[in-house]
Protein chains: 2
Amino acid sequence: MLEVNPLPLPRVARSDSEAGLSIAEAARRTGVSVHTLRYYERAGLVVTPVGRTAGGRRRYQQLDLDWIVICTKLRATGMPIKAIRRYAQLVSTGRGNEQERLALLEAHRAEVTAKLAEIQENLRLIDHKIDVYRGRLAAGDADQLWAPGSPADVR
Amino acid sequence: MLEVNPLPLPRVARSDSEAGLSIAEAARRTGVSVHTLRYYERAGLVVTPVGRTAGGRRRYQQLDLDWIVICTKLRATGMPIKAIRRYAQLVSTGRGNEQERLALLEAHRAEVTAKLAEIQENLRLIDHKIDVYRGRLAAGDADQLWAPGSPADVR
DNA sequence: CTAGGATTTCGAGCGTGCTCGAAGTCAATC
DNA sequence: GATTGACTTCGAGCACGCTCGAAATCCTAG
């Protein structure tokens, strides 16, 4: 767990609405395209509204970036946009819905582990085929152990 | 290949073009919808043309089913339709391209293992969050260890 | 022979998650 | 002020992998 870091604010006036990173810089730091950043915002994935300058430009704070990175990680596990939106809603609503957040995460976790198991299981088929082909090639093309029209296994 | 049967040749018992399973039965046995079976065929995923009755109905043999199951397993690891088509082409072309088949499988294997690693890595975030929420709920809602506006960690 | 269910082809539609483009705004520099 | 480039909104477009539908045909039961 991270420690809360209460001190590091004295430098700049924090309520300055111009403070923060441009969308291009936020994209660079999170590894997400500016298009996708805006899409995520439109899709309701943000917990707290991204700040804006007087002129309407987005200004990203560290918290925004952190949340976006969390979103990308959830996406990387296959969590659908809708589920992330729901989770974001729960988080932004604040305390009192921890039970539902937990349920959402647990449900997704179950899907991920099931998917992992499925992939791993089917990866064995690929490994097996790779072994077969390596064996065939090592033995030389002409020397076929199996007849043509042979078991599906050798395909 | 099947023989055209314009003349009465009632003798050859098993090259009967009516033999084999209906598409509905093939769907039932492979766990793939009839729509998808036809789609896979259109998409060029089949190694050998599925047989037809005189009336034009598909008749699936065991080899066809086996291949379809292989396709579903490759799909389950995330192999794109295009790659499966390429692999099917290589297989149906026959001997002499084992090197390319192997390369295709190895390339896909690399993608799968990378994807697995990524999912597993990001699953840790989910596990961590689940732990946090379980801890929070076990400690009682009112007893928050962290302040509101706390680190992204507790979201 | 007729009814009706299964199957055919092939194009269209759908859900997901971006990705792009047009037209306009903002802001820094000349 | 004018130019230039980053940024804005919002709808459209795209890639993928199915999924569906319409109209015609096949085949079996009655």
Side-chain angles (χ1 to χ4, degrees), chain A residues 16-46 49-60 64 68 71-88 108 111 115 118-119 122, chain B residues 5 16-46 49-60 64 68 70-88 108 111 115 118-119 122:
Chain A
D16 184 353
S17 74
E18 302 292 310
L21 304 174
S22 72
I23 192 169
E25 184 61 18
R28 202 189 59 74
R29 295 202 190 180
T30 58
V32 173
S33 77
V34 297
H35 289 295
T36 300
L37 282 179
R38 288 191 281 246
Y39 164 67
Y40 280 2
E41 199 175 318
R42 261 197 291 178
L45 265 52
V46 297
V50 175
R52 298 287 181 131
T53 67
R57 269 80 198 284
R58 291 174 179 83
R59 281 298 172 268
Y60 290 83
D64 299 321
I68 289 159
C71 288
T72 64
K73 291 182 176 183
L74 293 176
R75 285 289 305 124
T77 63
M79 184 181 281
I81 295 289
K82 277 183 185 174
I84 302 180
R85 172 165 56 221
R86 179 68 188 138
Y87 184 58
H108 179 60
E111 298 209 341
K115 187 72 179 170
E118 188 191 4
I119 294 175
N122 292 309
Chain B
N5 195 358
D16 183 352
S17 75
E18 303 293 312
L21 304 174
S22 72
I23 192 169
E25 183 61 19
R28 201 188 61 73
R29 296 203 190 179
T30 58
V32 173
S33 77
V34 297
H35 289 298
T36 301
L37 282 179
R38 288 191 281 245
Y39 164 68
Y40 279 2
E41 198 175 318
R42 262 196 292 177
L45 264 52
V46 296
V50 174
R52 300 286 182 132
T53 67
R57 269 81 198 284
R58 290 174 180 83
R59 281 297 172 266
Y60 289 84
D64 299 320
I68 290 160
I70 288 173
C71 289
T72 64
K73 290 182 176 184
L74 294 176
R75 285 289 305 123
T77 64
M79 184 181 280
I81 294 290
K82 278 183 185 173
I84 302 180
R85 172 165 56 220
R86 179 71 188 136
Y87 184 58
H108 180 59
E111 298 209 341
K115 187 71 180 172
E118 189 191 5
I119 294 175
N122 291 309

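Order of the sequence lines fixes the chain letters, A, B, ..., with proteins taken first and strands second; residue numbering starts at 1 for each chain.
- Regarding B:Arg57, its CZ atom lies at a distance of 16 Å from the P atom of D:dA24, rounded to whole Å.
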Show the numbers, then the answer: is there a salt bridge (charged side-chain N to carboxylate O under 4.0 Å, His left out) between B:Arg28 and B:Glu25?
CA-CA 5 Å; B:Arg28 201 188 61 73; B:Glu25 183 61 19; 2.8 Å; yes
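- When all heavy atoms of B:Tyr60 and B:Ser22 are compared, the closest pair comes out as CD1-O, 4.0 Å.
- Taking atom CZ of residue A:Arg59 and atom P of nucleotide D:dT8, one finds them 8 Å apart after rounding to whole Å.
- Across all non-hydrogen atoms, the minimal contact from A:Ala88 to A:Leu45 is CB-O, 3.5 Å.
- B:His108 and B:Leu74 make their closest contact through NE2-O, 4.3 Å (heavy atoms, listed as atom of the first residue, atom of the second, distance).
- Rounding to whole angstrom units, CG of residue B:Leu45 and P of D:dC18 are separated by 9 Å.
- Within 4.0 Å (heavy atoms only), A:Arg42 reaches at least one base atom of the nucleic acid.
- For residues 32-40 of chain B, proximity to DNA chain C is found at B:Arg38, defined as any non-hydrogen atom under 4.0 angstrom from a strand atom.
- B:Thr53 has a side-chain polar atom (N or O) that falls below the 4.0 Å cut-off from OP1 or OP2 of D:dC27.
- B:Arg58 comes within 4.0 angstrom of the backbone, heavy atoms only, and of no base.
- Of all non-hydrogen atoms in A:Ala27 and A:Val32, the two that sit nearest each other are CB-O, 3.0 Å.
- Note that the CE atom of B:Met79 and the NZ atom of B:Lys73 stand 14.0 Å from one another [nearest 0.5 Å].
- Atom CD1 in A:Ile23 sits roughly 10 Å away from atom C1' in D:dA6 (whole-Å rounding).
- A residue-by-residue look at B:Ala24 and A:Pro80 shows that B:Ala24 has its nearest nucleotide of DNA chain C further toward the 5' end.
- When every heavy atom of A:Arg85 is checked against every heavy atom of A:Ala43, the shortest pair comes out as NH1-O, 2.8 Å.
- Contact annotation: the side chain of A:Arg75 approaches that of A:Ile81 to within less than 4.5 Å [non-hydrogen atoms, C-beta and beyond].
- When all heavy atoms of A:Arg58 and A:Ile23 are compared, the pair lying nearest together is CD-CD1, 4.1 Å.
- Interface limits on DNA chain C: the 5'-most and 3'-most nucleotides within less than 4.0 Å of chain B heavy atoms are C:dA6 to C:dG11.
- Ranking D:dC16, D:dT9, D:dG17 by closeness to the B:Arg75 side chain, first place goes to D:dG17.
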